Protein chains: 2
Amino acid sequence: MKVLIADDDPQILRALSITFTASDYDVVTAGDGGAALRRAAEHHPDIVVLDLGMPHLGGIDVIHGLRGWSTVPILVISGRMDSIDKVQALDAGADDYVTKPFLTDELLARVRALTRRRLPVREEAGAAFGDVRVDLVARSVVRTTDGADIHLTRTEWRLLETLMLNPGRLVPQEILLTEVWGPQHVNDSGYLRLYIRQLRKKLERDPGSPRHLLTEAGMGYRFVPG
Amino acid sequence: MKVLIADDDPQILRALSITFTASDYDVVTAGDGGAALRRAAEHHPDIVVLDLGMPHLGGIDVIHGLRGWSTVPILVISGRMDSIDKVQALDAGADDYVTKPFLTDELLARVRALTRRRLPVREEAGAAFGDVRVDLVARSVVRTTDGADIHLTRTEWRLLETLMLNPGRLVPQEILLTEVWGPQHVNDSGYLRLYIRQLRKKLERDPGSPRHLLTEAGMGYRFVPG
DNA sequence: GAGGGCCATGAGGAAATCGTGAGGATCGGC
DNA sequence: GCCGATCCTCACGATTTCCTCATGGCCCTC
């Protein structure tokens, strides 16, 4: 489980890092709003812990920026207890709001509550098709003919996940590029083609004439289960 | 949007009912834990607002009971600020925890944040007519006679979508050309005829005498569902 | 019944898009 | 620093998609 912590106070940043690391999270940190957005696009965290009071690009702006392309849970930390701030942050797209000072136990419990929501969606996610069985939660692919494990890289997983979470639906190139390579991807689908090929090589019975990872020229790709 | 409010204090129950009703929620109430579980099973609310301090069957028990069969978002209200209570409730399956006294605005914002996650359940836009069923969201066409997938190209989709979003209405050529080929299209409807033909070939039972993609000479085309 | 719009049809070439192979850049572990 | 895994760049056929062109039918007008 990966957490992105964004705070302009180095001391708080450090304290939170230690807290989350001690609870077995992978921690990514950002010292300002711009860095938070870049880190999020780069690392695809499972949860974002965000200080509302950052200079320049503020917390609300970061929420808007993230929500432009991501549905990652966002927990806001703030020193301000005003109702207006809370409402503004929550309506901008934040999922929870904690005021300083807060207790570590409560923060961790709220993070658990937020990340738990994602799991049930993915628990059902996964499917068997062709010669393979894919488990998106466990991140494993098994070939059903001989039981061999098939290894996918990080980028391959992100791409496959985006496609498999929309079974039967056409997923536009733009969406795929944004989900896998972040919002400021290069507008060239060169590497998208490359990774589709990789997936077909590893998952399709006959990569030359795919039956489950289909191309729709000029539009995008489609995952067909079964 | 339907909310279940569970509290043993009739006064709070009434106040919350008024609050949520004023915000256009359908309100279901329960005065104790047992009633809360029964009402939830009966009414399938979109969100549950739960007081932790109910006698007999307490709030934690209700959370456990609900989580046995439902993933409905649960927001807990409590007079106790102890960290241990919050952690216990959140880890039992609650999604948010608010301590009394609280502001109405904040409560409503938190409820919005919790229910927002559920919305992206895609609604199917499309229609069935003739021998085919068209899903504009998934970008798929299935022939109902034999279940075969019918493939449309990008331009064909854009044209069909423009027509289907105006069911029964005449769509002028000028509108179609602008929607499909952009504002500075060539003012010749040569390719418009071509793609109408393509769509008829793929969607109409008898492309020679179309029943759903109709020509109105000199004016435009009309999509007739059914 | 001749002529002119307007539309349907068929075939074929231009252009965009895609699949493929080879190879260099980058990153993290040792 | 080395090495392997991973990620990305580039160039070239192959395929799909898009559009042009030419022909013929229908209907209305004159």
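The chains referred to below are lettered A, B, ... by the order of the sequence lines, with proteins before strands, and numbering in each begins at 1. Quick caveat: nothing in here was measured; it's all calculated off a predicted structure.
- Close to C:dA8, at under 4.0 Å from its OP1 or OP2, lies a side-chain N or O of B:Y221.
- Protein atom CZ of B:R193 is 11 Å distant from nucleotide atom C1' of C:dG5, rounded to whole Å.
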Can you give each donor-acceptor pair under 3.5 Å made by side-chain atoms of residues 23-42 of chain A, sequence neighbours left out, with the distance rounded to 0.1 Å?
from, atom 1, to, atom 2, distance (Å)
A:D32, OD1, A:G34, N, 3.0
A:D32, OD1, A:A35, N, 3.0
A:R39, NH1, A:T29, O, 3.3

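- No engagement by A:Q198 is indicated, since no non-hydrogen atom pair under 4.0 Å with the nucleic acid exists.
- Considering only side-chain N and O atoms, A:Q173 lies under 4.0 angstrom from the phosphate OP1 or OP2 of C:dC18.
- Residue A:Y191 places none of its side-chain N or O atoms closer than 4.0 Å to OP1 or OP2 of D:dC10.
- Under 3.5 Å, the side chain of B:R197 and the base of C:dA8 form no donor-acceptor pair of N or O atoms.
- Side-chain N/O atoms of B:T215 and B:R200 include a donor and acceptor closer than 3.5 Å.
- Computed from coordinates, the A:D26 CG to C:dG28 P distance equals 13 Å when rounded to whole Å.
- A:R110 has a carboxylate O that lies under 4.0 Å from a charged side-chain N of B:D96, or vice versa, which qualifies the two as a salt bridge.
- Side-chain contact between B:L192 and B:Y221 is present, with at least one heavy-atom pair separated by less than 4.5 Å.
- Nucleic acid contact class of A:G218 (heavy atoms, under 4.0 Å, all strands): sugar-phosphate only.
- A salt bridge between A:D46 and A:K2 is absent, with no side-chain N of the basic residue lying under 4.0 Å from a carboxylate O of the acidic one.
- D:dT15 atom P lies 17 Å from atom CG of A:L214, rounded to whole Å.
- Taken residue by residue, residues 146-157 of chain B places heavy atoms nearer than 4.0 Å to DNA chain D at B:H151, B:T153, B:R154, B:T155.
- Checking the phosphate oxygens (OP1, OP2) of D:dC7, no side-chain nitrogen or oxygen of A:W181 falls inside 4.0 Å.
- Salt bridge status for A:R67 with A:D95: present, with a side-chain N to carboxylate O gap under 4.0 Å.
- Among the nucleotides C:dG10, C:dT17, C:dG19, the one closest to any side-chain atom of A:A217 is C:dT17.
- In this structure, the CG atom of A:L213 is 11 Å from the P atom of C:dG19, given to the nearest Å.
- Distance B:L177 CG to D:dC18 P: 15 Å, rounded to the nearest Å.
- Between B:Y195 and B:W181, the distance from one ring center to the other falls under 6.0 angstrom.
- Among the heavy atoms of the strands, none lies under 4.0 Å from B:I196.
- Rounded to an integer number of Å, the gap from A:L192 CG to C:dT20 P is 14 Å.
- Salt bridge status for A:E156 with A:K202: present, with a side-chain N to carboxylate O gap under 4.0 Å.
- Rounded to whole Å, atom C1' of D:dC19 lies 7 Å from atom OH of B:Y195.
- OP1 or OP2 of C:dG19 sits under 4.0 Å from a side-chain N or O of A:R200.
- Atom P of nucleotide D:dT16 and atom CE of A:M219 are separated by 14 Å, given to the nearest angstrom.
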